[in-house]
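Note on naming: letters A, B, ... go to the chains in the order of the sequence lines (proteins, then strands), and numbering restarts at 1 for each one.
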2 protein chains.
Amino acid sequence: MAKRVGISDVAARAGVSPTTVSHVVSGRRHVSEVTRARVRSVMDELGWEPNELARSLRMQRTQTIALIVPDITNPFYPSVARGLLDVVSEPGYQVLIGNTDGSPSAEKDLVARMVTRSVDAIVFAGYYSKASDVAPAVEAGIPVALMGGRKASAGIDVLTSDDLAAGEIATRYLIGRGYHRIGFITGPSGEGPPADRVKGYRRALTSAGLRFNSQLVVREEFSRAGGAAGLQELLELRKPPRAVLCTNDMVAIGALDVARARGLRVPDDLAVMGFDDIEAAALISPSLTTIAGDPREQGRAVGRVLLGRLDGTTASLPQRILFAPSVVPRESA
Amino acid sequence: MAKRVGISDVAARAGVSPTTVSHVVSGRRHVSEVTRARVRSVMDELGWEPNELARSLRMQRTQTIALIVPDITNPFYPSVARGLLDVVSEPGYQVLIGNTDGSPSAEKDLVARMVTRSVDAIVFAGYYSKASDVAPAVEAGIPVALMGGRKASAGIDVLTSDDLAAGEIATRYLIGRGYHRIGFITGPSGEGPPADRVKGYRRALTSAGLRFNSQLVVREEFSRAGGAAGLQELLELRKPPRAVLCTNDMVAIGALDVARARGLRVPDDLAVMGFDDIEAAALISPSLTTIAGDPREQGRAVGRVLLGRLDGTTASLPQRILFAPSVVPRESA
DNA sequence: CTGAAAGCGCTTACAG
DNA sequence: CTGAAAGCGCTTACAG
């Protein structure tokens, strides 16, 4: 390959200075009509386009946004990535992905590398993300948005699903359909999004004048087997629930397995409802009624917030945006 | 934020030249024990790390690989991305994603931008990708790997699923289970991977001494509705098939819908088999027997090929790597 | 064992 | 309306 052509080659051939070539590209100062035309034609002739790397070094901005996620293979994150791309591509940003596998050391590493690469902004996702993980970026003056982090963090924008609302909305939906005895198969730990969903469930029950019964909430693994075990347990109660909320769709599918095995008609004998709306929810039979967030829209929202930070448009107070989910009614409830 | 510290600050504080600091970082020339220690400690003290941008401009390599895909939301691509990251992260590469939505103009645009950003290599994916789409990159001397492209392209590495083998393997599996009258619901067009799968099917039939009957292959949309329509059509034949191959899992799920509606027992009355092994395949009931590729492994393989190109290790002949799929036996066949 | 200087390819104050 | 020169922050031939 021939020596790469640079701005000075264009300038020489057009009989002007690099300064002028730069200005016809940027439009940042007036260049006479004829000079502009001449420069343009030389650019075409030589096939020159400004080298982004040099421009980045000079301008101290790379037009790059880092997206750091635990596992790009989890369908939630590609959708977020898509939404982010939706809004940042137009103004010329590219996105660099980082996969942490949830490992704290990988997280620190990636943040550090993104800083040395001078990305213009970072979106850091993961349900257990903490502000301290991104401290080096913040110190370097790089705008950071946390997704899924649960605590408002000093000086950092946080965007997250409203899990409490999700639990509330799901529960109200079931109550509205005439179910009053509702069980909940939740995750093993008492914190994080699953716990918030249970809180929302409890709140909806209470505000409908129904009693919260702790026997009806069982803790299981986040898996199909967990869902199966959870439903077994609930069905052994003297007064088993008529409907069951499952902390995610996979758990709900496990519950559906035992309902089918026991010959229970869904939703007539037992209503089953999940959270997340994974692809399979629509494809199984009976199809699964569930609660859907909108990850792509979440990606768009972070993009907008960050773009605002980058052009100084977003207010200086850190934003905290909660995404309200909605129910996707299907056959199972 | 304070003025960013640079190599000359470190050098000054350590009483050496930037040259020496650079060398203690790179290890490319010997630096006396004591100097090295002093420089290191100043580096820590000042928290300095080399600016990748400046280094990239100087060294003419960005440690960046572009991954251009039609739709990052299609689960195949995140898996490829994961595999790519698996192998390129360790040697210090990052990956920049581009989403084309299959639009030819977006493809050209993205390739051009990746070139101006001086990425070190490009993986360009999409079932209809052509070599000409990436010509600007090739001209700029950037190694390119095509994924899913079907023709070997001058000077470009191509990695793709072996769809012909997939069709063959699926068909042999059904024959082995005693099915001799096998239908095929394929896509609307007569080319691309779906057509290759049909070819493989035909080849397997022939080599098993069975007759290929064109009435048994029907063309439908790539959707659940397409699968339903396809099976209807096949069942209306005077001698309907006892097993049906569906060009992808979604189509197979549509076929399963009509089997269930008609009260056919699967697989006793009718065996159904798909391709791709989407997440839902394992979750529906009956679970779907299908053909799985290994997208993550494909991502790893492109990573290896490209890394080889970058360090001059891969032979100069363009590689053509075909990925053989395997059957995932489940309940439906 | 170490340093001064050029240069990667741009943009932008400064000057006219 | 336009240009010469400095500088973004590194690495590396060249020299000693």
Nearest-Å distance, [atom1] ([X]) to [atom2] ([N])?
X	N	atom1	atom2	answer
A:R61	D:dG9	CZ	P	15 Å
B:D9	D:dC10	CG	P	9 Å
A:N51	C:dT11	CG	C1'	13 Å
A:R58	D:dC10	CZ	C1'	16 Å
A:M59	D:dG7	CE	C1'	14 Å
B:R55	D:dC8	CZ	P	19 Å
B:L57	C:dG9	CG	C1'	6 Å
A:I7	C:dT12	CD1	P	11 Å

Is there a side-chain contact between [X] and [Y] in this structure, where contact means two heavy atoms from C-beta onward sitting under 4.5 Å apart?
X	Y	result
B:V16	B:V39	yes
A:R55	A:R61	yes
B:V144	B:R309	no
A:R117	B:L53	no

So, is [X] close to the [N] phosphate, meaning a side-chain N or O under 4.0 Å from OP1 or OP2?
X	N	value
B:S22	D:dT11	yes
B:S17	C:dG3	yes
B:Q60	C:dG9	yes

According to the Watson-Crick and G-U wobble definition with distances under 3.5 Å, which dot-bracket string, read 5' to 3', encodes DNA chain D, using [ ] for crossing pairs and | for pairs with another strand?
|||.||||||||.|||
Please pick, from C:dT11, D:dT11, D:dG9, the nucleotide with the shortest atom-to-atom distance to any side-chain atom of A:P18.
C:dT11
Which of D:dA13, D:dG9, C:dT11 is nearest the side chain of B:T19? It is D:dA13
With C1' as the reference atom in both, quote the distance from D:dT12 to D:dG16 in angstrom, rounded to an integer.
16 Å
Donor-acceptor contact present, side-chain [X] to main-chain [Y], <3.5 Å:
X	Y	result
A:S161	A:D163	no
A:R300	A:V80	no
A:D120	A:I65	no

Heavy atoms under 4.0 Å, any strand shown: does A:T20 hit a base, just sugar-phosphate, or nothing?
sugar-phosphate
Looking at DNA chain C, which of residues 23-44 of chain A put a heavy atom within less than 4.0 Å of it?
A:H23, A:R28, A:R29
Can B:R320 and B:T160 be counted as having a side-chain donor-acceptor contact under 3.5 angstrom?
no
A:S22 and A:T19: side-chain donor and acceptor closer than 3.5 Å?
no
NZ/NE/NH1/NH2 to OD/OE distance under 4.0 Å, A:R82 and B:D101
yes
